[in-house]
Every structure is written in C-alpha cells, then in structure tokens.
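In what follows, a structure is listed as structure tokens, so that the remarks can point back to it.
Letters A, B, ... mirror the listed sequences (proteins, then strands); counts begin at 1. All values below were derived from every heavy atom in this structure, side-chain atoms included, with hydrogens, water molecules and symmetry-related copies excluded.
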Number of protein chains: 2
Amino acid sequence: MNLVLNDGSPDLSENQKLVMDLLERKSGPLSAYMILDELRDSGFRAPLQVYRALEKLISIGKVHRVESLSAFIACSHMSCEKLGVTAFVICDKCENVQEVSDESISLFVTDLAIKTKMKAAKSNIELHGLCDGCQNI
Amino acid sequence: MNLVLNDGSPDLSENQKLVMDLLERKSGPLSAYMILDELRDSGFRAPLQVYRALEKLISIGKVHRVESLSAFIACSHMSCEKLGVTAFVICDKCENVQEVSDESISLFVTDLAIKTKMKAAKSNIELHGLCDGCQNI
DNA sequence: ACAAAATAGTTATAGTATAACATAACATAC
DNA sequence: GTATGTTATGTTATACTATAACTATTTTGT
Ligand SMILES: [Zn+2]
Ligand SMILES: [Zn+2]
Ligand SMILES: [Zn+2]
Ligand SMILES: [Zn+2]
C-alpha cells in the first residue's frame with residue numbers, strides 16, 4: 001500500500017533520480033555513456049543502470065530520446081506526460097536543442113496519421129539547421 | 001572530361017550501384033550490416049564500404065536514413081533530390097514503411113523553422129504506430 | 001518469518017558507426 | 001608517357017550505442 005498524497009507523478013528510484021537530476025542540471029542532450037561517466041562517482045558502474053533509468057523516465061514523459069543524436073534530454077515542459085507530441089529543433093553548430101510542443105505539432109501528427117490510416121503511437125520530429133545566433137557569425 | 005548526355009543524376013560507382021540496387025529490390029529498410037551481409041558475394045568486406053556508398057546515395061536524395069530504425073531505405077519518390085522533405089510512417093508490427101512527401105509536410109517544416117528562427121537544413125519526421133491492416137487483427 | 005515480485009548489479013555480447021592509414025584508379029599537365 | 005594531384009576503395013582497428021542473460025538485493029503482502 002502506498003498512501004502518499006502527491007501530485008500524481010510516480011516515485012522515482014535512486015538511480016532514476018540521479019539520472020533525472022543530471023539531465024535537468026545539464027539541460028542539453030547527453031548520450032547514455034556520458035550519463036554513465038557523470039554518475040560513476042554516484043555509484044554507476046554499467047550502461048544498463050543508465051538505460052534502465054532512462055527507460056522509466058522516458059515512459060513517464062520526463063525525458064525524451066533525440067533519435068538523430070542518440071541522446072537523451074530532460075523534458076522542458078512539465079506536460080509531455082499528458083500530450084507527448086513534441087518536436088526538437090537542433091542547431092548543428094552550437095548544439096542547442098529547443099523542445100517545441102504546441103497545437104500545430106499535435107495537429108500535424110494527427111493529420112498525418114489520418115492521411116496514412118495509422119493508429120499513431122509515437123512520433124519523432126527533429127529539425128536540424130542553424131539557430132538564430134549561429135546564422136550570423 | 002565526361003561527355004555523357006544524361007538526365008542530370010550523377011554517375012554512381014560500382015559499390016554505390018550495388019547498394020542502390022539492393023535497397024530498391026528489398027524496398028524496405030535495411031541496416032548497414034544487413035546490406036553488408038547481402039553484398040558479401042559481390043565483394044563487400046567491411047562496413048565502411050557500405051557507409052561510404054550510403055553517404056553518397058543519401059547526399060543525392062536517392063536513399064534516406066530512418067533514424068528511429070537505424071536503417072536505410074530507397075527513396076520512393078524520384079523527387080527527394082529536389083524537395084528533400086519527407087516523413088516516414090512506420091508500422092511497428094508488420095514493419096512496413098511508407099514515405100510521405102507532400103505540401104503539408106514541407107509547409108509544416110517551413111513553419112516550424114520560422115517559428116524557431118532556424119535556418120533549416122534537414123528534417124526527420126517519423127511516425128510509429130499500427131498500419132491500417134495491423135489494427136484489425 | 002516466508003514467498004512472491006520488483007529493483008538493482010554484473011558480465012558478456014550484439015549492433016551501429018567512424019578513425020586512420022594503405023592502395024588503387026583516374027585525370028590533367030608537362 | 002611519366003609525374004602529379006585528386007578521388008575512390010580497401011583494410012584494420014576501434015569507438016560508440018544498446019541489450020541479453022544471469023545473480024543478488026530489496027520490497028511487499030501474507
Ligand atoms: Zn517534453
Ligand atoms: Zn546555434
Ligand atoms: Zn524520398
Ligand atoms: Zn502493419
């Protein structure tokens with residue numbers, strides 16, 4: 001029995017908290033092995049510890065995998081737990097990643113699913129290019 | 001001097017042709033190592049032969065990389081050489097992949113780039129789920 | 001306390017991709 | 001035709017990403 005009054009977000013294990021905190025501190029995308037290296041001092045020894053924590057964090061929408069970077073990033077919205085449809089906009093020069101989550105994105109995904117007769121489960125939308133700052137250098 | 005009247009598509013090397021032909025024959029996505037295995041009889045020995053051929057084929061728009069599958073697929077449009085903006089719709093059950101390329105997709109990408117002040121270079125749009133056929137089984 | 005179930009640790013291995021260097025093929029210039 | 005620079009290829013080794021299989025520990029309900 002788990003009689004705790006909370007906001008509905010599930011409790012995280014120690015490892016999950018460590019990974020979550022790290023991703024929030026860094027704010028940018030990190031590979032699983034970067035995470036492993038950063039957390040060695042906290043007791044991490046093997047990739048699986050990272051991947052298992054990530055699996056959980058991804059499943060509850062607190063972390064996203066950026067496919068084209070093979071990297072993981074903290075959700076910047078507090079909300080992907082519910083919506084789940086976001087796009088990532090990635091500057092190939094400064095490596096900044098913005099997470100975009102608005103009506104137009106979910107609408108686009110919905111339309112695409114209808115048009116292709118798919119029951120959509122998951123989407124990856126990633127845009128690469130040069131950010132505002134990096135265009136003018 | 002290369003005095004050949006052609007349609008403008010660049011000549012492909014032997015290795016590039018072998019990879020291209022294979023991807024067209026199979027029509028579905030193949031990993032680089034599947035390609036390597038299929039082409040051993042044609043003289044391929046090492047991953048780099050595959051990756052180098054793929055790099056060229058991708059650069060001219062005849063092949064796409066499906067990020068979320070770490071796999072490669074022949075372009076189904078004859079046209080990505082010019083447009084370049086497509087979406088992939090992937091059934092997680094039967095593994096069928098549709099390539100979708102229309103106005104609404106390029107419009108979406110253009111809008112997203114403007115909204116985020118990005119000079120877009122490349123987009124990955126991938127939708128996973130169940131295709132029409134696989135929903136009713 | 002005990003059994004069942006979930007969580008975590010460990011070792012080994014599979015799968016994906018590139019670096020670094022050696023070789024060969026092809027073109028242009030002398 | 002030989003030299004020279006350039007591009008394409010081949011080869012070996014290695015880096016990076018991810019999971020399988022198994023063991024040990026902790027947690028939970030009875
Ligand atoms: Zn998010
Ligand atoms: Zn930038
Ligand atoms: Zn295409
Ligand atoms: Zn299907």
Side-chain angles (χ1 to χ4, degrees), chain A residues 1-4 10-23 28-60 62-73 92 95 122 124 126 128, chain B residues 1-4 9-23 28-60 62-73 90 92 95 122 124 126 128:
Chain A
M1 182 98 90
N2 196 339
L3 261 189
V4 181
D11 293 338
L12 298 179
S13 76
E14 195 54 31
N15 284 358
Q16 290 157 11
K17 269 187 245 167
L18 285 165
V19 171
M20 191 69 236
D21 288 353
L22 176 65
L23 285 172
L30 293 178
S31 78
Y33 282 74
M34 288 181 208
I35 294 171
L36 176 58
D37 282 342
E38 295 274 353
L39 294 180
R40 278 193 202 282
D41 293 343
S42 310
F44 275 54
R45 319 300 316 277
L48 217 52
Q49 294 173 283
V50 177
Y51 282 107
R52 287 210 271 234
L54 287 171
E55 181 180 32
K56 172 72 174 189
L57 294 168
I58 289 168
S59 78
I60 62 177
K62 289 176 121 26
V63 167
H64 301 293
R65 183 173 198 277
V66 185
E67 299 290 342
S68 59
L69 301 177
S70 294
F72 304 87
I73 190 167
D92 291 326
E95 298 184 313
K122 187 173 170 290
N124 314 14
E126 298 169 15
H128 283 259
Chain B
M1 181 97 91
N2 197 339
L3 261 187
V4 181
S9 55
D11 293 338
L12 297 180
S13 75
E14 195 53 32
N15 284 358
Q16 290 156 12
K17 267 186 247 167
L18 286 166
V19 172
M20 191 70 237
D21 288 353
L22 175 65
L23 284 172
L30 293 178
S31 78
Y33 281 74
M34 288 181 207
I35 294 171
L36 176 58
D37 282 342
E38 295 274 352
L39 294 180
R40 278 192 202 282
D41 293 343
S42 309
F44 276 54
R45 320 297 316 275
L48 218 51
Q49 294 174 284
V50 177
Y51 282 107
R52 288 209 271 234
L54 287 171
E55 182 181 31
K56 172 71 174 189
L57 294 169
I58 289 168
S59 78
I60 61 177
K62 287 176 123 24
V63 168
H64 302 293
R65 182 175 199 275
V66 185
E67 300 289 344
S68 58
L69 300 178
S70 294
F72 305 87
I73 190 167
I90 301 149
D92 292 326
E95 298 184 313
K122 185 172 171 291
N124 309 72
E126 299 170 13
H128 283 258

Interatomic distance, Y51(B) OH vs dC16(D) C1' [rounded to whole Å]: 11 Å

Looking only at heavy atoms, the pair that brings K62(B) and M20(B) closest together is O-CE, 3.5 Å

Taking every non-hydrogen atom, the tightest pair across E95(A) and P29(A): O-CD, 4.4 Å

Looking only at heavy atoms, which two atoms of P47(A) and L36(A) are closest? And how far apart? N-CD2, 3.9 Å

Mind calculating the distance between CD (E55(B)) and P (dA19(C)) to the nearest angstrom? 10 Å

With a 4.0 Å limit, can you tell me whether Q49(A) has a side-chain N or O closer than that to the phosphate oxygens OP1/OP2 of dG9(C)? yes

Strictly below 4.0 Å, heavy-atom distances to any atom of DNA chain C: list the hits from residues 32-48 of chain A, or just say none. R45(A), A46(A), L48(A)

Without decimals, in angstroms, what is the distance between E14(B) CD and dA8(D) C1'? 13 Å

Whole-Å distance between dT7(C) P and L18(A) CG? 17 Å

Comparing A71(B) with R52(B), nearest DNA chain C nucleotide closer to 5' gives the residue A71(B)

Interatomic distance where CZ belongs to F72(A) and C1' belongs to dC16(D) [whole Å]: 12 Å

Write down the distance between CG (L12(A)) and C1' (dT7(C)), rounded to a whole number of angstrom. 14 Å

Among dT11(D), dT16(C), dG9(C), the nucleotide that comes nearest once only the side chain of S31(B) is considered: dT16(C)

Can any side-chain N or O of E38(A) pair as donor or acceptor with the backbone N or O of I35(A) at less than 3.5 Å? no

Looking only at non-hydrogen atoms, find the nearest pair between L23(B) and F72(B) and report the distance. CD2-O, 3.5 Å

Check every atom of dT11(D), dT16(C), dA8(C) against the side chain of S13(A) and return the nucleotide holding the closest atom. dA8(C)

Stepwise side-chain contact (heavy atoms from CB on, under 4.5 Å) check, V19(B) with L39(B): CA-CA 8 Å; V19(B) 172; L39(B) 294 180; 3.8 Å; yes

Rounded to the nearest Å, what distance is computed from the CG atom of residue N15(A) to the P atom of nucleotide dT10(C)? 11 Å

Between C1' of dT7(D) and CD of Q16(B), the distance in whole Å: 11 Å

Strictly distance-based, threshold 3.5 Å: is any side-chain N or O of E126(B) a donor or acceptor partner for the main-chain N or O of E67(B)? yes

